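Fair warning: this is a prediction, and the values are worked out from it, not measured in the lab.
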Amino acid sequence: LDQDIFTITDNLTWYKGNHTLTFGTHNEFYKMYNVYAQNATGNWSFNSLEDFRNNKANSFSYTYFNTNDLDKDGNWGGKFGAAQLGLYIQDEWRPNADFTLTYGMRIDNPVLFDKPTANDEFNNSDLAKKHDVRIGDVPSGKLLYSPRVGFRWFVDKEHQVLLRGGAGLFTGRVPFVWISNNFSNNGIEQVSIKSYDQDKNPVLGQHITGEDVKNKGFKASSSTINVVDKDFKYPQVFRVNLATDIDFGAGWQATLEALYSKSLNDLYVRNIGYEPTGAHFTAVPGVPASSTPIYQKVTSYSDVIYMTN
């Protein structure tokens, strides 16, 4: 993964009576290049030691680049530009020396400037239509709102006991690398094959190229595909805390704090290329907890990885 990040930040502070207002913007611009080719030198598996000795691979997996747009090292990777645009406003109100109330709002806008190459074969498939997904679509421009409020209150005139707390939504740096798989695994520029034909599989250690794979008649439609929910939202965290700080003097202090956090828009990834058959396998008869559903493959692609919330 190679990325360039350019940051623009600007803050304006306005003092008005017992209010301190802060207006600001924080923007990060990304240029990403992610090379991730599993099995780029080949992957062989054997059913037995005898098959290994005779170079009869039970399965062979290989990933190759199906494009001439290669870098100086002969590799291809997903390339895209992105940005996280942020605006915020905050007011710190201090009506007296004992109490401070801070409240504000931050709005982040994750933006992708590019889209993966569309794969018409997949996009027109029954599987894509069933789950309403397309290769070429990415979540972009969905606003993330982060309101928050906090306070600090010295409950005594000597300022020895401080009660503080707050609540709010928080958005971290957007993990655009999650989306990079949609650029890399689209079944167009980078494709994968998996063969169980012992007579056709190359021998272990043989130098393999994409042309060799094509000439042997392996179908590229067995590639791994990555798709994302069109309504996907990046994660946020809701957090509430309440604490008290007590100063006993002579350098002795004590803090008691309670904190509650809850993740919002959590990431959920599943392989929609497999569906349950309705049957179950039970490892320990009579123990329901040991039962697991049996799945069957419903597509010619190796895997169809679907990212949603």
Trainee: Does atom CZ (Phe52) have a neighbourhood of more than 12 heavy atoms from anything else shown, all under 6.0 Å?
Mentor: no
Trainee: Would you call Leu242 and Leu163 a side-chain contact if the rule is heavy atoms closer than 4.5 Å?
Mentor: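 Side-chain contact under 4.5 Å: yes.
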Trainee: Please give me the minimum heavy-atom distance between Phe113 and Ala83, naming the atom from each residue.
Mentor: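 Closest approach of Phe113 to Ala83: CZ-CB, 3.7 Å.
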Trainee: Regarding Asp114 and Lys79, does a basic nitrogen lie under 4.0 Å from an acidic carboxylate oxygen?
Mentor: no
Trainee: Just by distance, do the side chain of Thr277 and the backbone of Ile294 share a donor-acceptor pair under 3.5 Å?
Mentor: yes
Trainee: Hey, are Asn39 and Tyr62 close enough side-chain-wise for a donor-acceptor pair under 3.5 Å?
Mentor: no
Trainee: How close do Gly187 and Ile225 get, counting heavy atoms only, and between which atoms?
Mentor: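 What the structure gives for the nearest pair is N-CD1, 3.7 Å.
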Trainee: In this structure, are over 12 heavy atoms from other groups packed under 6.0 Å from Tyr196 atom OH?
Mentor: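 Atom OH in Tyr196 is not crowded, with 12 or fewer foreign heavy atoms closer than 6.0 Å.
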Trainee: Do Thr224 and Ser302 pair up side chain to side chain, a donor and an acceptor below 3.5 Å, judged on atom types alone?
Mentor: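 Not at all, the side chains of Thr224 and Ser302 share no donor-acceptor pair under 3.5 Å.
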Trainee: Are Tyr268 and Phe238 connected into the same hydrophobic cluster when the rule is that any two of I, L, V, M, F, W, Y join if their side-chain heavy atoms are below 4.5 Å apart?
Mentor: no
Trainee: Check whether Ser291 reaches the backbone of Pro288 with its side chain - one donor and one acceptor, N or O, closer than 3.5 Å.
Mentor: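 Checked: no pair found.
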Trainee: Which atoms form the tightest heavy-atom contact between Thr308 and Asp229, and what is the distance?
Mentor: OG1-OD2, 2.8 Å
Trainee: Is a side-chain donor-acceptor pair under 3.5 Å present for Thr63 with Gln190?
Mentor: no
Trainee: About how many Å separate CG of Asn119 and CG of Asn186, when rounded to the nearest 0.5 Å?
Mentor: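 Atom-to-atom, Asn186:CG and Asn119:CG are 6.5 Å apart.
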Trainee: Atom CZ of Arg53 and atom OG of Ser48: how far apart are they, to the nearest 0.5 Å?
Mentor: 9.0 Å
Trainee: What's the spacing between Asp266 CG and Gln236 CD if we round to 0.5 Å?
Mentor: 11.5 Å
Trainee: Grouping I, L, V, M, F, W and Y whenever their side-chain heavy atoms are under 4.5 Å apart, do Val203 and Phe60 come out in a common cluster?
Mentor: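 No, Val203 does not connect to Phe60 through the hydrophobic network.
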Trainee: Does OH in Tyr88 sit with more than 12 non-hydrogen atoms of other residues, nucleotides or ligands closer than 6.0 Å?
Mentor: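 More than 12 heavy atoms, drawn from other residues, nucleotides or ligands, come within 6.0 Å of this atom.
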Trainee: Between Lys115 and Phe183, which heavy-atom pair has the shortest distance, and what is it?
Mentor: C-CE2, 3.4 Å
Trainee: Please check if Ile188 and Phe122 belong to a single hydrophobic cluster, counting links between Ile, Leu, Val, Met, Phe, Trp and Tyr side chain heavy atoms closer than 4.5 Å.
Mentor: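 Ile188 does not cluster with Phe122.
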Trainee: Is it true that a side-chain atom of Arg148 and a backbone atom of Ser146 form a donor plus acceptor pair closer than 3.5 Å?
Mentor: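 Pair found, side chain donor or acceptor close to backbone of Ser146.
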Trainee: For Gln90 and Thr22, which I'm curious about, is there any donor-acceptor pair between the side chains at under 3.5 Å?
Mentor: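 No donor-acceptor contact under 3.5 Å links the two side chains.
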Trainee: Both conditions, 6.0 Å and 45 degrees, for the charged tip of Arg239 above the ring of Phe170: are they met here?
Mentor: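 Verdict for Phe170: a cation-pi partner in Arg239.
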Trainee: Can you check whether Val177 reaches Gln3 side chain to side chain, under 4.5 Å on heavy atoms?
Mentor: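 When only atoms from C-beta onward are counted, Gln3 and Val177 do not touch, as no gap falls below 4.5 Å.
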Trainee: Please output the side-chain donor-acceptor pairs of residues 151-158 that fall under 3.5 Å, not counting sequence neighbours, one pair per line with the distance.
Mentor:
from: Asp156; atom 1: OD1; to: Gln160; atom 2: N; distance (Å): 3.1
from: Asp156; atom 1: OD1; to: Val161; atom 2: N; distance (Å): 3.1
from: Asp156; atom 1: OD2; to: Gln160; atom 2: N; distance (Å): 3.1

Trainee: Hey, is the main chain of Gly166 close enough, under 3.5 Å, to the side chain of Asn241 for a donor-acceptor pair?
Mentor: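 It does hold such a pair.
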Trainee: Checking Ser184 side chain against Asn181 main chain: does a donor-acceptor pair fall under 3.5 Å?
Mentor: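 Such a contact is absent between Ser184 side chain and Asn181 backbone.
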Trainee: Ignoring hydrogens and angles, tell me if any N or O in the side chain of Asp2 forms a donor-acceptor pair with the backbone of Tyr33 under 3.5 Å.
Mentor: no
Trainee: Asn43 and Ser61: side-chain donor and acceptor closer than 3.5 Å?
Mentor: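 On atom types as modelled, these side chains do not qualify, holding no pair under 3.5 Å.
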Trainee: Do NZ/NE/NH1/NH2 and the carboxylate oxygens of Lys233 and Asp231 come within less than 4.0 Å?
Mentor: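 Judged by the 4.0 Å cut-off on N to carboxylate O distance, Lys233 and Asp231 do not form a salt bridge.
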Trainee: Go through Arg106 and Leu87 one step at a time and tell me if the side-chain contact (heavy atoms from CB on, under 4.5 Å) criterion holds.
Mentor: CA-CA 6 Å; Arg106 179 185 175 105; Leu87 293 172; over 6 Å; no
Trainee: Under a 3.5 Å threshold, yes or no: a donor from one side chain and an acceptor from the other, between His26 and Thr9?
Mentor: yes
Trainee: So, Lys129 side chain and Val133 main chain: donor-acceptor pair closer than 3.5 Å or not?
Mentor: no
Trainee: Hey, does Phe29 have a side-chain heavy atom less than 4.5 Å from the side chain of Leu85?
Mentor: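 Yes, close enough: below the 4.5 Å cut-off.
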Trainee: Given the rule that I, L, V, M, F, W and Y join up when any side-chain heavy atoms are under 4.5 Å apart, are Tyr260 and Val149 in one cluster?
Mentor: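 They do not share one cluster, since no chain of ILVMFWY contacts under 4.5 Å joins Tyr260 to Val149.
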Trainee: Between the side chains of Ser195 and Asn201, does any donor sit under 3.5 Å from an acceptor?
Mentor: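 The answer is yes; a qualifying pair exists.
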Trainee: Answer yes if the side chains of Glu121 and Asn124 hold a donor-acceptor pair under 3.5 Å, and no otherwise.
Mentor: no
Trainee: Let me know which of Asn109, Asp108, Thr171, Asn27 forms a side-chain hydrogen bond (donor to acceptor under 3.5 Å, both in side chains) with Gln84.
Mentor: Asp108
Trainee: Examine the side chains of Tyr306 and Asn226 and answer whether a donor and an acceptor come within less than 3.5 Å of each other.
Mentor: no
Trainee: Nearest heavy-atom pair of Thr282 and Val287: which atoms, and what distance?
Mentor: CG2-O, 3.9 Å
Trainee: Got a sec: does the NZ of Lys262 have more than 12 other heavy atoms crowding it under 6.0 Å?
Mentor: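 No, not enclosed.
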Trainee: Got a second to check how far His131's NE2 is from Ser125's OG, nearest 0.5 Å?
Mentor: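 Nearest 0.5 Å value for the NE2-OG distance: 9.5 Å.
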Trainee: Can you find a pair of side-chain heavy atoms, one from Asn66 and one from Glu189, that are under 4.5 Å apart?
Mentor: no
Trainee: Test side-chain contact (heavy atoms from CB on, under 4.5 Å) on Met307 and Val269 and set out the steps.
Mentor: CA-CA 5 Å; Met307 184 170 69; Val269 179; 4.2 Å; yes
Trainee: Side chains of Tyr30 and Glu28: donor-acceptor distance under 3.5 Å anywhere?
Mentor: yes
Trainee: Counting distance only, does the side-chain N/O of Asp10 pair as donor-acceptor with the main-chain N or O of Thr25 below 3.5 Å?
Mentor: no
Trainee: Under a plain distance cut-off of 3.5 Å, with no hydrogens placed, do Asn271 and Asp303 share a side-chain donor-acceptor pair?
Mentor: yes
Trainee: Verify the neighbour count for atom CH2 of Trp178: are there more than 12 heavy atoms of other residues, nucleotides or ligands below 6.0 Å?
Mentor: yes
Trainee: In terms of heavy-atom contacts, does NZ of Lys200 have more than 12 from other residues, nucleotides or ligands at under 6.0 Å?
Mentor: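 Yes, enclosed.
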Trainee: Does Asn54 reach the main-chain N or O of Lys56 with its side chain, forming a donor-acceptor pair under 3.5 Å?
Mentor: no
Trainee: Decide whether Phe232 and Leu112 are clustered together by the hydrophobic rule: side chain heavy atoms of Ile, Leu, Val, Met, Phe, Trp, Tyr closer than 4.5 Å, transitively.
Mentor: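 Linked, Phe232 and Leu112 end up in one cluster.
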Trainee: Please report the closest heavy-atom contact between Asn75 and Phe65, naming both atoms and the distance.
Mentor: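 Closest heavy-atom pair between Asn75 and Phe65: CA-CE1, 3.6 Å.
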Trainee: Whether the side chain of Gln198 engages the backbone of Asp51 through a donor-acceptor N/O pair (distance < 3.5 Å, no angle test) should be reported.
Mentor: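 Answer holds: no.
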Trainee: Do Pro139 and Ile179 come close enough that some side-chain heavy atom pair is under 4.5 Å?
Mentor: yes
Trainee: Do Leu204 and Phe46 pass the side-chain contact (heavy atoms from CB on, under 4.5 Å) test, and can you show the C-alpha distance, the side-chain angles, and the key distance before you say yes or no?
Mentor: CA-CA 10 Å; Leu204 177 63; Phe46 301 85; 4.2 Å; yes
Trainee: Contact between Trp93 and Asn18 at the side-chain level, heavy atoms closer than 4.5 Å - yes or no?
Mentor: yes
Trainee: For a 4.5 angstrom cut-off between non-hydrogen side-chain atoms, does Tyr234 reach Pro175?
Mentor: yes
Trainee: Under a 4.5 Å cut-off applied to non-hydrogen side-chain atoms, are Val227 and Val304 in contact?
Mentor: yes
